[in-house]
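Encoded as structure tokens, the structure appears first; notes follow it.
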Amino acid sequence: MKTTSINWFEIPVRDIDRAAAFYEKMLAVSLKRETFHGTPMAMFCADVGGALIKDDKRKPTADGALVYLDATGKLDDCLARVVKAGGEVLVPRTDIGDPGFIAIVKDTEGNSVGLHAPRS
């Protein structure tokens, strides 16, 4: 049985619509919008769950934990869309050896977020 250390993550945002539009455009995916216990969310549909959350108790930051999103087979495409979606590429596509390639971007909310693509 395969296990993973992460089962949920949350990326804090100031503007849920702006942030969701950024991630949808950059990753070429759709996020599921809903409100959970009064907190607006835009959820990633993936094996490991996670969401963008608008919660006044949590603030976007470039200095906190760094979450890497799956960019399998589309890292270069994602990076090509970052600026058009309102973000910034902080670390371009970088070869990290056997695990593949990473990049780090800044989203529209000020969060640093990693992208990872395994070596094919």
Side-chain angles (χ1 to χ4, degrees):
M1 175 163 97
K2 181 181 177 186
T3 61
T4 178
S5 298
I6 296 174
N7 65 2
W8 183 258
F9 64 87
E10 294 177 342
I11 300 173
V13 303
R14 289 184 186 91
D15 183 321
I16 195 77
D17 292 327
R18 176 180 62 203
F22 170 79
Y23 284 93
E24 287 175 332
K25 185 170 186 176
M26 177 183 68
L27 297 171
V29 299
S30 293
L31 302 182
K32 181 181 176 190
R33 314 282 176 102
E34 64 180 59
T35 300
F36 183 72
H37 291 278
T39 302
M41 304 177 94
M43 298 190 310
F44 294 89
C45 300
D47 292 340
V48 174
L52 306 174
I53 63 161
K54 183 178 181 332
D55 182 345
D56 293 334
K57 294 177 257 156
R58 310 252 350 266
K59 303 221 179 324
T61 181
D63 302 323
L66 186 60
V67 174
Y68 280 82
L69 302 174
D70 182 12
T72 300
K74 57 184 179 176
L75 180 59
D76 293 329
D77 293 337
C78 290
L79 289 173
R81 293 189 290 261
V82 168
V83 173
K84 294 176 192 169
E88 178 183 348
V89 176
L90 300 175
V91 176
R93 177 188 176 103
T94 302
D95 188 327
I96 57 170
D98 288 343
F101 304 90
I102 63 163
I104 300 174
V105 303
K106 183 186 280 185
D107 70 11
T108 56
E109 310 307 295
N111 294 301
S112 292
V113 178
L115 300 172
H116 174 258
R119 192 170 297 285
S120 311

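For the numbers below, each heavy atom of this structure counts, side chains included, while hydrogens, waters and symmetry mates do not.
Using a cut-off of 4.0 Å between Lys/Arg side-chain N and Asp/Glu carboxylate O, K54 and D56 are scored as salt-bridged.
Nearest heavy-atom pair, I11 versus F44, reported as atom, atom and distance to 0.1 Å: CD1-CE1, 4.5 Å. Here the shortest heavy-atom pairing between L66 and S112 reads CD1-O, 3.4 Å. Residues A103 and L75 come closest through the heavy atom pair CB-CD1, 4.1 Å. The heavy-atom pair separating A20 from A42 by the smallest distance is CB-CB, 4.0 Å. In this structure, D98 and R119 approach most closely via the heavy-atom pair O-CB, 3.9 Å. The heavy-atom pair separating A85 from T108 by the smallest distance is O-CG2, 3.7 Å.
The structure places CZ of F22 at 11.0 Å from NZ of K106, a figure rounded to the nearest 0.5 Å. Here the CD-NZ distance, from E109 to K59, works out to 13.0 Å after rounding to the nearest 0.5 Å. Remark: L90 CG to I104 CD1 distance equals 7.0 Å, nearest 0.5 Å. We find the NZ-CE distance between K84 and M26 to be 14.0 Å, quoted to the nearest 0.5 Å. Taking CZ of R14 as the start and CD1 of I16 as the end, the distance is 13.0 Å to the nearest 0.5 Å. D63 CG to N111 CG: the interatomic distance, rounded to the nearest 0.5 Å, is 10.5 Å.
Both V67 and V82 belong to a single network of hydrophobic side chains, linked directly or stepwise wherever heavy atoms of I, L, V, M, F, W or Y lie under 4.5 Å apart. Under the 4.5 Å side-chain heavy-atom criterion for grouping Ile, Leu, Val, Met, Phe, Trp and Tyr, V113 is connected to V89 within one hydrophobic cluster. Cluster membership check: L69 shares its hydrophobic cluster with L79, using side-chain heavy-atom separations under 4.5 Å among Ile, Leu, Val, Met, Phe, Trp and Tyr. When hydrophobic clusters are built by joining Ile, Leu, Val, Met, Phe, Trp and Tyr residues whose side-chain heavy atoms come closer than 4.5 Å, directly or via intermediates, I53 is not grouped with Y23. V105 and V29 fall within the same hydrophobic cluster, where Ile, Leu, Val, Met, Phe, Trp and Tyr residues are linked whenever their side-chain heavy atoms come under 4.5 Å apart, directly or through other members.
Taking the side chain as every heavy atom from C-beta outward, S30 and K32 never approach each other to under 4.5 Å. Side-chain contact between P12 and D55: absent, with no pair of heavy atoms (C-beta onward) separated by less than 4.5 Å.
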Determine, stepwise, if the pair R18 / V13 fulfils side chain to side chain contact (heavy atoms under 4.5 Å, CB included).
CA-CA 9 Å; R18 176 180 62 203; V13 303; over 6 Å; no

Verify side chain to side chain contact (heavy atoms under 4.5 Å, CB included) between L115 and Y68, making sure each step is shown before the conclusion.
CA-CA 5 Å; L115 300 172; Y68 280 82; 5.8 Å; no

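E24 places a side-chain N or O within donor-acceptor distance of the main-chain N or O of L31, the cut-off being under 3.5 Å.
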